[in-house]
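I have placed the structure first, in the form of structure tokens, so that the comments after it can refer back to it.
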Amino acid sequence: MAISEKDIAYIAELSELELTSEEAVQYAGSLNSIIDYMAQLQELDTSGVEPTTHVLQLQNVFREDVVKPGLSREEALRNAPNRTKTSFKVPKIL
Amino acid sequence: MARYETVIGLEFHAELKTKSKLFCPCPTEFGGEPNTHVCPVCLGLPGVLPVLNKHAVELAVKAGLALNCDIQRVSKFDRKNYFYPDLPKAYQVTQFALPICRDGYVNISGKQIRINRIHLEEDAGKLIHSGESILDSGFSMPDYNRAAVPLIEIVTEPDIRSAQEARELAERLKSLLEYAGVSDVRMEQGSLRCDVNISLRPEGQTEFGIRAEIKNLNSFRAIERAIEYEEKRQAAILDEGGRVIQETRTWDDGKGITLSMRSKENAHDYRYFPEPDLVPTVIDDIWMNEIRQSLPEMPEARKHRLMTECGLSEYDTNRIVETPMLAFFFDEVIEAGADAKLTANWILGDISRLLTGNEDKLPIKASDLAVLIEQVKSGAINHSSGKLVLEEMFMHGGCPLEIIKTRGFAQISDASALQEAVLKVVEANPEPVADYKAGKKKAMGFLLGQIMKATGGQANPQMVREMLEKALDA
């Protein structure tokens, strides 16, 4: 499965990234080599192996349903590039 | 004009009744000041780790049991990626590949609607726009109090064929979730939301037509109206030989129409991938049984109990169980010691009447209604006074005994006082008395009315009737 520069442009658009055409060529190359490498796994017979859901051998890590205080509003808004008195402020959406 | 069959699938989002958010300990409480129920986890700050709320998992399983689903032994979370300012992380944590529940069903009249899946996910934040609408706003202000509040998404199969069926399913589902105790299911507050997927196909065709998705439906009535509108809109396009566009549309309740929401072409490519920060959830038999045991009484079991143990008719039972709030209230009143049949009569009669137009909240206490029922049953006040006391309790609150005292509703059961009133009326009305004695039994009603009038409606009617019969037959 080869990744074309067209695929790269599409993924970049979805990810809101601006790539130059040189970068697109470069990323297509690196992604293809990663996919080729992973393709080696296809050669293994995995029938009878339960699908892996997580690389750690851990399950059921929970917290109890208890409320704890979080950030104050001032703390929450402190790093925002743009804000109003009570909220974050984002540019025109549509 | 060609005849079409409507095909509908519904998606519901229900907010789970937890105290804290899905992956962090921030409160889920409705209505806080903007951005005061937030922390580094739900704001998506770098370097944080989410930890799953165990209670949210249990509530999702309960919802699955209530909707007859197969609860999955293993479920896990994925990231759904899209850029929108209500989503601080630029992805939503949801269950895509392995949802917690699959393959359920809900029965509506004469039909079974299949449930494809139920999955757990986090809610998004709320956007407040600077202008009237998103289109004429120079900027917007995200409030992340609601971000990462636990939701379940319930997806039906496309088994629904009409607006009426869709409405009935929505009502049934709301009632089941309320009985299961998993959500507040208030559509007007947004704790239950519904999206409609609808397409038309020529009658007899098995292949589905092209569908539109309708959002922003805040009431059962809106679901019904939006479907009826969309059936006409799509039929008109197909009649002209056109093609329905696959898109998301929003319901404008004021105008009664659906409108296309301008969306990007690629908006539906979410590039799901496994959420590496959360480990799988495994529900073994022991945990599963614990959750099953904690499921509250569901409608069918409740109907059985009301008919067999409480002796209610099937009709009354159905009417009570139809509305979970009334069913819970009924139980509280009989637990407070009131007679079951009398309680049912009060609830289905005067209480239902007084609730018209404000069906969400009962303004009276169960223990107070139990006292009122006892006062009427024992004859301390008569039935029509009882109705007035109830009205007063609805309007101004207060305890029934206090109202009976201050309003002077106590029934006259003093034999000598009543005897005097009876004799006075007999003396003052010789003609009706003669009529009665001549066999016109109807005259009795007139005389009774006169006595009640003379005592300001407070005479014990049973005693008056007996005394009057005695006086007339003498």
Side-chain angles (χ1 to χ4, degrees), chain A residues 1 3-4 6-19 27 31 34-35 38 41 46 49-94, chain B residues 18-21 23-29 33-43 45 51-57 74-76 81-85 88 90 97-98 127-130 134-135 137-144 262 266 269-271 274 276 278-283 287:
Chain A
M1 188 177 71
I3 295 212
S4 67
K6 209 175 149 196
D7 294 327
I8 294 290
Y10 176 65
I11 298 165
E13 192 193 332
L14 290 174
S15 316
E16 303 272 335
L17 294 173
E18 278 177 36
L19 300 183
Y27 282 126
L31 279 177
I34 292 170
I35 285 171
M38 297 304 286
L41 288 176
T46 56
V49 179
E50 204 174 319
T52 301
T53 45
H54 201 281
V55 289
L56 297 178
Q57 292 298 308
L58 271 178
Q59 61 191 41
N60 291 0
V61 176
F62 298 124
R63 32 173 287 273
E64 294 301 317
D65 183 25
V66 176
V67 172
K68 286 185 196 152
L71 297 173
S72 72
R73 183 152 66 196
E74 271 315 302
E75 285 171 317
L77 298 175
R78 184 175 294 159
N79 291 340
N82 209 346
R83 57 172 287 188
T84 65
K85 223 172 166 186
T86 59
S87 284
F88 300 89
K89 189 170 166 182
V90 299
K92 192 170 172 59
I93 296 168
L94 288 184
Chain B
T18 58
K19 297 187 187 75
S20 64
K21 290 187 178 179
F23 303 118
C24 63
C26 289
T28 55
E29 207 182 318
E33 285 285 302
N35 297 302
T36 55
H37 298 170
V38 293
C39 75
V41 176
C42 56
L43 287 177
L45 299 187
V51 187
L52 182 57
N53 183 337
K54 189 179 182 189
H55 192 49
V57 174
V74 182
S75 57
K76 72 164 181 80
N81 301 279
Y82 63 97
F83 289 100
Y84 205 69
L98 299 175
L127 292 173
I128 300 155
H129 304 297
S130 63
I134 188 167
L135 292 171
S137 295
F139 63 94
S140 300
M141 293 161 285
D143 168 9
Y144 294 122
R262 288 198 297 165
N266 301 334
D269 191 341
Y270 293 121
R271 295 157 296 139
L278 291 160
V279 297
T281 302
V282 179
I283 301 171
W287 193 16

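A note on names: the letters A, B, ... follow the listed sequences, proteins ahead of strands, and every chain is numbered from 1.
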Quiz prompt | Considering all heavy atoms, the nearest B:P142-A:K89 contact | solution = CD-N, 4.4 Å

Exercise. Write down the atom of A:T53, the atom of B:P280, and the distance for their closest heavy-atom approach.
Key: OG1-CG, 3.1 Å

Self-check item: Partner set under salt bridge (charged side-chain N to carboxylate O under 4.0 Å, His left out) for A:E74, not counting sequence neighbours
Solution: A:R83

Practice problem: Look only at the side chain of A:D65 and the backbone of B:K19, and say whether a donor-acceptor pair between them is shorter than 3.5 Å. | Solution: yes

Quiz item: Is there a donor-acceptor contact under 3.5 Å from the side chain of B:D143 to the main chain of A:S87?
Solution: no

Are any non-hydrogen side-chain atoms of [X] and [Y] less than 4.5 angstrom apart?
X     : Y      : answer
A:H54 : B:K76  : no
A:Y10 : B:D269 : yes
B:H55 : A:E64  : no
A:K92 : B:S130 : no
A:S15 : B:R271 : yes

Quiz item: Taking it one step at a time, do A:N60 and B:W287 satisfy side-chain contact (heavy atoms from CB on, under 4.5 Å)?
Solution: CA-CA 12 Å; A:N60 291 0; B:W287 193 16; 4.3 Å; yes

Practice problem: Check each atom of A:V66 against the heavy atoms of chain B and say whether the ones under 4.5 Å are side chain, backbone, both or neither. | Solution: backbone

Quiz prompt | side-chain contact (heavy atoms from CB on, under 4.5 Å) against A:A76, all qualifying residues, sequence neighbours excluded | solution = A:L71, B:V38, B:L43

Practice problem: Give the C-alpha distance, both sets of side-chain angles, the deciding distance and a yes or no for side-chain contact (heavy atoms from CB on, under 4.5 Å) between A:R63 and B:N53. | Solution: CA-CA 5 Å; A:R63 32 173 287 273; B:N53 183 337; 3.5 Å; yes

